[in-house]
4 protein chains.
Amino acid sequence: MQVLKEEVRQRIIKSARREFKKHGFEKASMRSIASSANMTVGNLYRYYKNKEDLYGAIIGSLFDEINSLKSNMPEEPESRLNYLLDGFKELQKDHRSEWLTLFGGSTGTKFQKVADDLHGVLRDTLMDVLKKNDRRPEIAVPVASAIIYGLNTILKSEKDKSGDLADDFLNYMMVDIANRVA
Amino acid sequence: MQVLKEEVRQRIIKSARREFKKHGFEKASMRSIASSANMTVGNLYRYYKNKEDLYGAIIGSLFDEINSLKSNMPEEPESRLNYLLDGFKELQKDHRSEWLTLFGGSTGTKFQKVADDLHGVLRDTLMDVLKKNDRRPEIAVPVASAIIYGLNTILKSEKDKSGDLADDFLNYMMVDIANRVA
Amino acid sequence: MQVLKEEVRQRIIKSARREFKKHGFEKASMRSIASSANMTVGNLYRYYKNKEDLYGAIIGSLFDEINSLKSNMPEEPESRLNYLLDGFKELQKDHRSEWLTLFGGSTGTKFQKVADDLHGVLRDTLMDVLKKNDRRPEIAVPVASAIIYGLNTILKSEKDKSGDLADDFLNYMMVDIANRVA
Amino acid sequence: MQVLKEEVRQRIIKSARREFKKHGFEKASMRSIASSANMTVGNLYRYYKNKEDLYGAIIGSLFDEINSLKSNMPEEPESRLNYLLDGFKELQKDHRSEWLTLFGGSTGTKFQKVADDLHGVLRDTLMDVLKKNDRRPEIAVPVASAIIYGLNTILKSEKDKSGDLADDFLNYMMVDIANRVA
DNA sequence: CATGAATGAGTCTTCATTCAT
DNA sequence: TATGAATGAAGACTCATTCAT
């Protein structure tokens, strides 16, 4: 059965998204992606030249926007923090599936450092904010993680279509931050 | 020869711990566990019938304590929350390596649900607390994640030997909780 | 549309020649032949039913001339030898590319035996010449190889456009042959 | 069926030798080596860590001796030529199969340059000799090829156990060299 | 008790060839 | 007549698991 290239491409992307989200890059299997897209492996490789290329096709748009987010950061710590948190919410809304894929399992990929980087940027910004308020900066480490994983958990649950929960959660994490740290 | 056997078992456990923590369940290799325990694969399989069984032997003690923790929970939400958070700190201190193994890479294992369970218990308790204070309970979902991953991040960094940072972080997360939620 | 077909066929031949010379039969790729002939694989297969068939189309003319060379050989050993050596030079000049393709990479092809055959004819002729002069005939075996590979090496280097080096080399190989053998 | 490691290793080597000699490195198949050694691929990889490693196990000893041959060359052209030709004969006698494997198909291997090098050394030496006798040095190129392929042909034929034919052939190639070149 | 050789199914990837359109 | 999507078998290599010794 002969089908349109674009339709097939969509089938691949769809099944790859599932597989990568479920197993991460390394344990995802091209075979199983192909077969759940009703296709032979050989044909899969007509569309994407290798596993990383296919992964990139899924993660790509998010990747670009993360980079542009990082390149436009304000200097001042507090506005940088707001800028980042708003940016995260935006990215998560527009690239739900990609975000989860990236943060779920990009180990073994050139994209891994993007995820790590984002983490690092948030952490450093938090540190700067804390320092400015004469508070222990070390707590920035777990707090950055907490924020990212908290947001991811919301994302996973699929229920927060409005984005209200994410707003509330971020508010919860940030409100009166200076007074909650030793 | 019971003595000898026990010594061998310890060697296996020790090297398996390292391997599982480093690579997670799926990417850990029985061959490399055996060889770094100065032992052949065949012999490894005399002690543990397969990879998951070995994984269980490592996660096991933590698993038991998690279960006992769960079976002694106080009824009242607020004391249950404190009970849990204290319990977590205790478990992380006593089973650092196992904890990281469990939460870092139990995908593909029957133990994954243990991690998920713990998550669920914390979430439900948070929900109960929030309900009692007439606050939106949904936020419990990301907050539970945030707590667990924040603690894990501290654990990973190896720097918090005293446990102070964990205390500060939990304080940060819990202080005035009722007033930070819509 | 016979004209068009012929033009296409030429494009195929041209790009196949390059590919086969470069990689030999086994490592040559139909895909790459098609694409460097600005054409799809499917269409390639309309002109040549498989890889070996295409290979034959290239080797073909040389193949025919080799056969005609072989069928017109003089009886008398010494003139046969001259006839062959002259023929080789002629063939190499007129079918440089095909010759290198045939002797460079026909392994896995039914044409390999053509190359072997030519070798055999030269060897047998040399043997007859040696016998006639009461010399050890066995040396014909390495000498036939030496001649053919020596000529191929000249051909490969692309520098001998005049053919002088080939002449000198053959002279070197043949001069006073009877006195150089035990 | 459980067998001694050494016996198995021999079976592998034997079947790899055949395969590599027949198809060269690139087209030789690990699968077919394994199966003609009555073995699974997995087991083959217990003995040799990859295809090149296995190839090296076959070619290795010859490789070493070639290197030692090259490092002890006399300065003076004519004695260097004799040294090389004697060396070749020696190596061919002691490493018949390896020699044919190396010169038959080492493309794609780190060993290829060894073969090419040897060729180059012989060619350069011939050139020096010719220059010293005021003869056209270009002919060294085909003559070096002729010598090597001639010797290989003798080797392939398996008939020259005494080495007499190789001696006669080299004599044939070298005798009165200065007077046979323009 | 312990060894480590062997298996078999899995991994990603390539390629000649076919066939619906 | 031509397209290029699809197939299937093969390539090198890995690894959990079993079993003869």
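To find a chain, count down the sequence lines: A is the first, B the second, and so on, and within it residues start at 1. FYI, side chains are in, hydrogens and waters are out, and symmetry mates aren't considered; it's all heavy atoms of this structure.
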Candidate nucleotides E/dA5, F/dT17, F/dT3, ranked by approach to the side chain of C/Asn43 - the nearest: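 Closest nucleotide among those given: F/dT3.
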Selection from E/dA2, E/dA5, E/dT17 that lies nearest to any side-chain heavy atom of B/Arg46: E/dA2
Who is the Watson-Crick or G-U wobble partner of [N], with both distances under 3.5 Å?
| N | answer |
| --- | --- |
| F/dT14 | E/dA9 |
| F/dA9 | E/dT14 |
| E/dA20 | F/dT3 |

Between P of F/dA2 and OH of C/Tyr45, the distance in whole Å: 17 Å
Between F/dT14 (C1') and A/Glu26 (CD): distance, integer Å: 14 Å
N-O pairing of C/Glu52 and C/Lys110 below 4.0 Å: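 Looking at C/Lys110 together with C/Glu52, the answer is no, because their closest N to O distance does not fall below 4.0 Å.
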Worked verdict on D/Leu54 versus D/Met30 for side chain to side chain contact (heavy atoms under 4.5 Å, CB included): CA-CA 9 Å; D/Leu54 175 52; D/Met30 292 299 264; 4.2 Å; yes
Given DNA chain E, 5'-ward residue of the pair A/Phe25 and C/Lys27, judged by closest heavy atom: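 Upstream on the strand: A/Phe25.
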Sugar-phosphate only, base, or nothing, as touched by D/Thr40 at under 4.0 Å among non-hydrogen atoms: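 Answer is base: heavy atoms of D/Thr40 come under 4.0 Å of a base.
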Within 45° cone of D/Tyr47 ring axis and under 6.0 Å: D/Arg11 NZ or CZ: no
Donor + acceptor pair across side chains of A/Glu19, A/Ser32 (<3.5 Å): yes
Nearest-nucleotide comparison on DNA chain F, the residue closer to the 5′ end among B/Glu52 and C/Met39: C/Met39
